[in-house]
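To start, the structure itself, in structure tokens.
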There are 2 protein chains.
Amino acid sequence: MRRPRLQDVATAAGVSTASASLVLRGAPGPGSATRERVLEAAARLGYRPDRAASLLARRRSRLIGVLMDVRSTFHAQLVEDVHEAAEGHGYDLVLSTVTRTRDEARAVETLLDSRCEALVLLGPEAPAARLTALDRQLPVVAVGRPVPSAGVDVVRAADDDGVALAVDHLVDLGHRRIAYVDGGAGVIAAGRRRGYQRAMRRHRLGAHLQVVRGNHTEESGARAARALFGSDLPPTAVATYNDHSAVGLLDALLRSGIDVPGAVSVVGYDDSPLARLAHIDLTTVSQDSPQLVRHAVAAVVERLDGGRTEHREVVVPPRLVVRGTTGPAAVEG
Amino acid sequence: MRRPRLQDVATAAGVSTASASLVLRGAPGPGSATRERVLEAAARLGYRPDRAASLLARRRSRLIGVLMDVRSTFHAQLVEDVHEAAEGHGYDLVLSTVTRTRDEARAVETLLDSRCEALVLLGPEAPAARLTALDRQLPVVAVGRPVPSAGVDVVRAADDDGVALAVDHLVDLGHRRIAYVDGGAGVIAAGRRRGYQRAMRRHRLGAHLQVVRGNHTEESGARAARALFGSDLPPTAVATYNDHSAVGLLDALLRSGIDVPGAVSVVGYDDSPLARLAHIDLTTVSQDSPQLVRHAVAAVVERLDGGRTEHREVVVPPRLVVRGTTGPAAVEG
DNA sequence: CGCCAGTATTAAAGCGCTTTAAGAGCGCTC
DNA sequence: GAGCGCTCTTAAAGCGCTTTAATACTGGCG
């Protein structure tokens with residue numbers, strides 16, 4: 001009544017375990033008669049190979065470890081796509097998540113102990129040195145976060161270009177006084193801020209540059225709204241560091257009776273599920289998760305199967321998702 | 001330069017692999033001198049045990065498989081807590097997620113192949129019969145979903161009581177015309193609807209019973225708003241099937257200039273991150289995920305370590321989270 | 001009919017760890 | 001100093017699978 005083993009299948013089919021193993025993995029060798037008998041026996045017994053055993057016996061595990069934060073909706077999206085991409089290359093995944101009580105180092109250790117051949121780290125927070133050290137053990141690719149001067153592969157979105165897209169879109173719509181709600185310290189926020197500044201100058205709108213302090217929260221968006229729209233000459237459009245900030249801003253505007261997008265246009269960043277909520281319907285910048293993941297998995301596979309050794313950094317262009325919070329600039333009086 | 005094995009540690013420490021194994025797992029036996037030497041050698045070599053190998057050799061895997069949907073924020077919360085609870089009992093987790101291209105059956109198979117001793121299924125959608133069949137292979141506990149007439153353990157929130165809490169709260173605030181936006185077909189929606197109806201009757205408000213069709217989306221909440229507040233005698237409070245629906249409703253009210261909670265109070269269900277957004281600040285019913293998880297893990301552990309065989313169903317009382325969308329009923333003219 | 005090149009099958013040696021039963025060493029007592 | 005009960009250590013047998021090298025068959029050819 002215990003779980004059937006390969007031995008049981010082999011016996012039932014009247015062959016050796018070697019043949020049974022070959023058949024069950026679709027390896028060439030066994031003739032069609034053997035094949036059929038084994039398959040039939042396996043099906044009849046309800047045989048399922050034991051992963052631990054085959055992992056141990058196999059020379060290669062064909063396992064990719066994925067570090068994620070289970071709380072992040074963006075990571076959720078990425079994981080979905082990683083599954084698909086990895087399977088396409090014949091790899092399987094081991095998921096390990098960071099939680100309140102389980103830090104990144106712990107989560108990575110679990111992956112290391114699981115015979116992973118490579119690691120895909122979603123938004124890792126470990127210092128670059130630690131990542132570099134890891135990379136000496138096995139191929140590592142960091143997704144979504146720039147890792148300055150490290151050997152690890154990096155796949156990330158061009159954050160500066162993303163905000164530039166937002167600005168371009170607003171300029172196209174006739175806006176000129178375009179403000180930006182900042183995201184605080186951090187490499188990502190810096191990139192986005194820079195993108196805003198450059199884009200404004202490129203459009204010769206340097207005079208209208210206006211960066212409002214902020215962080216990643218809604219609250220920060222709401223504060224920015226008060227700061228921006230309490231002034232004499234408020235902007236006609238606002239780009240924000242992320243969707244949360246944008247949502248806070250939107251709400252504050254709504255409460256003040258300022259029409260969006262009639263009076264003011266708003267653009268977020270991330271294309272989070274929040275932005276897609278019907279009643280928010282936020283124009284935002286998408287990181288193109290499928291593309292990000294395709295590159296990440298490709299990077300891993302090339303190292304493992306293609307023998308690549310040189311470092312690689314892929315920067316994926318972001319995509320503007322136009323929804324309902326942006327519209328033509330009101331004609332000035 | 002390859003990864004060190006137990007053998008290497010043992011050799012370096014001048015003992016057998018048996019002793020090394022014992023020491024590294026903190027098992028009793030080895031003397032303190034041996035202990036020290038092994039530990040030192042392991043540290044020096046940077047030894048990490050191979051999970052696949054120890055899993056294979058160990059009689060028990062002490063692994064609990066968790067089925068989840070990586071897209072669900074509720075599941076994310078649960079997984080966090082499961083990690084904690086499982087560790088407390090000396091179990092480790094294997095995560096497997098449902099995605100667009102990876103259905104529940106596939107995800108469960110992965111778990112089965114990973115030597116899990118028991119399964120914790122978060123919101124499983126498989127038919128009861130399938131779950132019962134699974135349960136014959138290993139202990140299974142379904143979380144958050146009632147599984148009628150099956151052998152599997154169930155841990156879920158008392159959905160009817162949850163809505164009743166919402167109604168009680170509204171009645172306390174002086175509301176009498178309390179409507180309910182339904183969640184459509186499904187056992188969960190049925191439970192919540194029943195909770196509403198019973199609570200209203202208990203308060204002798206049967207005459208004000210008003211259930212509006214709906215489903216789990218915001219859109220449905222917005223539609224409900226139009227239906228409810230287009231009538232002559234609109235309710236002064238609305239309870240909804242879930243937070244999404246409530247948010248849709250809130251938005252529609254806001255756009256119509258109906259003040260919340262001044263003119264109308266709204267209660268959601270789930271205490272999703274959505275409800276916690278500062279500008280939504282929705283009064284809602286929480287499923288108390290830590291509690292849910294504690295019971296789920298306890299159920300599993302009792303089966304595995306405690307030898308329990310009889311079926312169990314735990315119903316966890318929900319908790320009302322009062323936020324900003326509920327207030328005293330306006331005094332009627 | 002003997003020999004060869006296939007092809008189909010299998011015995012056996014691991015993969016890296018755990019665990020058990022047996023062994024080694026040691027300080028006692030009588 | 002034999003005998004005993006200790007504690008500490010280890011040899012060896014797996015765990016369930018993969019894989020390699022060797023063996024057993026084919027039939028075809030000279």
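Every heavy atom of this structure was used, including side-chain atoms; hydrogens, water molecules and symmetry mates were not. Each chain gets a letter, A, B and so on, in the order its sequence line appears, and its residues count up from 1.
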Is it true that a side-chain atom of B/Asp159 and a backbone atom of B/Gly191 form a donor plus acceptor pair closer than 3.5 Å? no
For the pair A/Arg71 (side chain) and B/Glu80 (backbone), establish whether a donor and an acceptor sit closer than 3.5 Å, ignoring hydrogens and angles. no
Using atom types as modelled and distance alone, determine if a side-chain donor or acceptor of B/Arg62 lies under 3.5 Å from a backbone N or O of B/Asp92. no
Give me the bend of the helix from C/dC1-D/dG30 to C/dC30-D/dG1, using the axes of the five pairs at each end, rounded to 10°. 80°
Heavy atoms from other residues, nucleotides or ligands near CD of A/Glu125 exceed 12 (cutoff 6.0 Å): no
Could you write nucleotides 16-28 of chain D as a row of B, S and -, 5' to 3', where a protein heavy atom under 4.0 Å of any base atom gives B, of only sugar-phosphate atoms gives S, and otherwise -? BBBB---------
A side-chain contact here means heavy atoms from C-beta on lying under 4.5 Å apart; do B/Val140 and B/Asp153 qualify? no
Do A/Arg25 and A/Ser21 have side-chain atoms, one donor and one acceptor, less than 3.5 Å apart? yes
Would the distance check show the side chain of B/Thr99 and the main-chain N or O of B/Thr101 forming a donor-acceptor pair, the cut-off being under 3.5 Å? yes
Option passing side chain to side chain contact (heavy atoms under 4.5 Å, CB included) with A/Leu121 (candidates A/Val147, A/Leu131, A/Val154): A/Leu131
When you measure from the side chain of B/Ser72 to the backbone N and O of B/Met68, does any donor-acceptor pair fall under 3.5 Å? no
Using a distance-only test with no angle check, is there a side-chain donor-acceptor pair under 3.5 angstrom linking B/Gln7 and B/Thr11? yes
What residues in residues 29-41 of chain A put a non-hydrogen atom under 4.0 Å from any atom of DNA chain C? A/Gly29, A/Pro30, A/Gly31, A/Thr34
